[in-house]
Amino acid sequence: MTPAALQVAIRDLVGTVAADRGVDAALSEAEIVLERPRSREHGDWASTVAMRAAKRIGMAPRDLAAQLATGLQRLPGVAAVDVAGPGFINITLEAAAAGELARRIVTEGEAYGRGEALTGVRMNLEFVSANPTGPVHLGGTRWAAVGDSLARILAAQGADVAREYYFNDHGAQIDRFSASLLAAHLGEPTPEDGYGGAYIGEIAARVAAAHPEVDDLPREEAREVFRREGVDLMFGDIRSSLHDFGVDFDVYFHENSLYESGAVEHAVARLRELGHIYEADGATWLRTTEFGDDRDRVVLKSNGEAAYIAGDIAYYLNKRERGFDRCLIMLGADHHGYIGRLMAVAAAFGDTPYVNLEVLIGQMVNLVKDGVPMRMSKRAGTVITMEDLVDAVGVDAARYTLVRSSVDTALDVDLDLVAKHTNDNPVYYVQYAHARTRSVARNADAAGVTRHDGGEDAFDPALLTHPTESELLGTLEQFPRTVERAAELREPHRIARYLEQLAGNYHRWYDSCRIIPPAGEELGPVHRTRRVVNEAVGQVLRNGLGLLGVGAPDRM
RNA sequence: GCGCCCGUAGCUCAGCGGAAGAGCGGCGGCCUUCUAAGCCGUUGGUCGGGGGUUCGAAUCCCUCCGGGCGCACCA
């Protein structure tokens, strides 16, 4: 008896009751809510359908629930049905019906948890996108962890996902970067509005070592060398940190290519064709107010230069022309003001905002020391980088910490605390559960506790009768819909929270149910069956950690 | 002034229409048997305040308070 079958049965029963009373009470699937009750006392599944449908049918909720319960009781695989409170229907399944899942998970393996919700959809996921003026800081590290995990989750739902990094190595920021490098090389103080931090000195030294001629060049030319070579080195460092963090992009998109290829002119011409461009005050404007923005935006400044948004316009059109159905952009909270104009741009091209284009805003990461927030400043060089974090806690703990909270929540990271109490990080709780499943498997093999007994499949789900077993099986059953929900809501943290629950269920099961019989107890079908459950849990933990880009160790 | 996010246990945070949660911390237990990075018990909450919608609100709507981040012909 699967939840889907239960749902169908409930719909039919409601139809029968309604027909008896001469009422047409056709229920949509969404109305037949079947959920895992929070408390074990409420059975394996609970339905609120009686409370929803009571008014339409003209019965008291509890009476309707009682009638439905009688019908449900007769279904095969249903052990007990109770009516509680205002009309909850609590359903308990027979162990055999619930336990069948373990066999299915082992058969499906890595495929368990995948879905088809996004099959055939081409998605472009843009994240991090930091300009090469310094190492990736904590905020960028959060997007790296969340973005990469989201890409994995979307792919698990069948989407064709491209990870994309958009960057600019020209303009005022880069000018300040190269001026800072030159100053560091010459032993001068960091220029006003320049970048501080130890990495500036290191990059400057590497450039000078590779190009000793800078000392003989005029200042302007030397600065040009520092600009060109420094950007290359910096960007190389960024890519390498990201790679070490387990994040590799499919496309590194250079903003300047939009200008060099004529993509900006192409996009502006297209918008002009569509009638959304006008001239005023010597500048060229896009009428974004027509599409919900709070003011029109300058596309080409009165001095003839392209405004920043011109790049965004061209970039969006470029993505669409490369065949992406859905363009997702992850931005920090300090960019939330862009959403309106970006959506207006999409609409101006005739696209559907929030469908063809999605902007995911993530809140800031704050560095905390001894409970006091520390201001991070690139200029002052008091920045915690991706590498700092990884050095302190390792890739797995770093990624897990950053991905287990909703991006809607500003995150406080206390480096001392994280470094000191590394074992407190829930990632170890989950990883330990996985290592335990592997350890049990090794020992079980050695003890002959295998699924097959003399060629016969000894798996018998009716033997999984312990309360911790129905709890564990119920959680295992939730994995596919958890992944689907995480993909739909773009919320990877749901996977992490799910894994913590599963790990807890497993640890408690392990504590009360032996897989390998202790001395004096005979090896029987129950042990062989539990062995399959153990494998199923390991598989799901592995699949889930994989979606987070976190390792699933065999030993700890 | 306008806009976005947040306000749930001492701390960090899940839950976002259906029967208040986890981790950490505190206190007390459990290793001669499959990993004690574990388990069990206990402590701890007017879900920021007030209205409204609903059979039912931490969850949706309005409003107020508090905190964070933004509102350029900068990039």
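Sequence lines set the chain letters: A, B, ... in the order given, protein chains first and strands last, and positions in each chain run from 1.
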Once you round it to whole Å, what is the distance between [atom2] of [N] and [atom1] of [X]?
{"X": "A:L300", "N": "B:rA72", "atom1": "CG", "atom2": "P", "value": "19 Å"}
{"X": "A:I361", "N": "B:rC71", "atom1": "CD1", "atom2": "P", "value": "12 Å"}
{"X": "A:D412", "N": "B:rC24", "atom1": "CG", "atom2": "C1'", "value": "15 Å"}
{"X": "A:D296", "N": "B:rA72", "atom1": "CG", "atom2": "P", "value": "14 Å"}
{"X": "A:R490", "N": "B:rC5", "atom1": "CZ", "atom2": "C1'", "value": "19 Å"}

Which one, [options], comes nearest to the side chain of [X]?
{"X": "A:K55", "options": "B:rC39, B:rA37, B:rC55", "answer": "B:rC55"}
{"X": "A:M556", "options": "B:rC73, B:rA37, B:rC34", "answer": "B:rA37"}
{"X": "A:R436", "options": "B:rG38, B:rC4, B:rA72", "answer": "B:rG38"}
{"X": "A:V440", "options": "B:rC73, B:rU12, B:rC34", "answer": "B:rC34"}
{"X": "A:Y429", "options": "B:rG38, B:rC13, B:rG68", "answer": "B:rG38"}
{"X": "A:R508", "options": "B:rG15, B:rC13, B:rC39", "answer": "B:rC39"}
{"X": "A:T409", "options": "B:rC4, B:rC13, B:rC73", "answer": "B:rC13"}

Taking atom [atom1] in both [N] and [M], compute the distance separating them and give it to the nearest angstrom.
{"N": "B:rC40", "M": "B:rA22", "atom1": "P", "result": "11 Å"}
{"N": "B:rA9", "M": "B:rU46", "atom1": "C1'", "result": "14 Å"}
{"N": "B:rC13", "M": "B:rG48", "atom1": "P", "result": "15 Å"}
{"N": "B:rA57", "M": "B:rG49", "atom1": "C1'", "result": "16 Å"}
{"N": "B:rA19", "M": "B:rG23", "atom1": "C1'", "result": "23 Å"}

### Message
Can you pull out the residues from residues 302-313 of chain A that lie within a 4.0 Å heavy-atom distance of RNA chain B?
### Response
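A:S302, A:Y308, in order of number.
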
#### Entry: Residues touching RNA chain B, which here means a heavy atom under 4.0 Å, drawn from residues 510-530 of chain A
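Heavy-atom cutoff 4.0 Å gives A:Y510, A:D511, A:C513, A:R514, A:I515, A:I516, A:P518.
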
### Query
Tell me, which pairs form a side chain to side chain donor-acceptor pair (under 3.5 Å) where one or both residues lie in residues 60-69 of chain A, sequence neighbours left out?
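Sorted result for residues 60-69 of chain A: empty, none.
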
#### Entry: Qualifying salt bridge (charged side-chain N to carboxylate O under 4.0 Å, His left out) pairs with a residue from residues 398-413 of chain A, counting only residues at least two apart or across chains
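Qualifying pairs: A:D148-A:R399, A:R404-A:E500.
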
### Query
Can you list the stems that RNA chain B is part of, where a stem is at least 3 pairs in a row, each Watson-Crick or G-U, with both distances below 3.5 Å?
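So the stems come out as B:1-7 with B:65-71, B:10-13 with B:21-24, B:26-30 with B:38-42, B:48-52 with B:60-64.
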
### Query
Can you tell which of A:R530, A:R542, A:R438 makes a salt bridge (Lys or Arg N to Asp or Glu O under 4.0 Å) with A:E535?
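Answer to the salt bridge (Lys or Arg N to Asp or Glu O under 4.0 Å) test with A:E535 among A:R530, A:R542, A:R438: A:R438.
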
### Query
Is it true that a side-chain atom of A:S512 and a backbone atom of A:R508 form a donor plus acceptor pair closer than 3.5 Å?
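Flag set: sc A:S512 to bb A:R508 pair under 3.5 Å.
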
### Task
For A:F177 and A:R227, run side-chain contact (heavy atoms from CB on, under 4.5 Å): C-alpha distance rounded to whole Å, both residues' side-chain angles, the deciding distance at 0.1 Å, then the answer.
CA-CA 7 Å; A:F177 174 66; A:R227 190 196 61 74; over 6 Å; no

### Message
With syn defined as a glycosidic angle within 90° of 0 and anti as the rest, where does B:rC60 land?
### Response
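What B:rC60 shows is an anti base, its glycosidic angle lying more than 90° from 0.
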
### Summary
Its contact letters, B for base, S for sugar-phosphate only and - for none at protein heavy atoms under 4.0 Å, make nucleotides 16-22 of chain B read S-BB---

### Query
Between A:H507 and B:rC40, does any side-chain N or O lie under 4.0 Å from OP1 or OP2?
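Checking A:H507 against B:rC40: no side-chain N or O falls below 4.0 Å of OP1 or OP2.
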
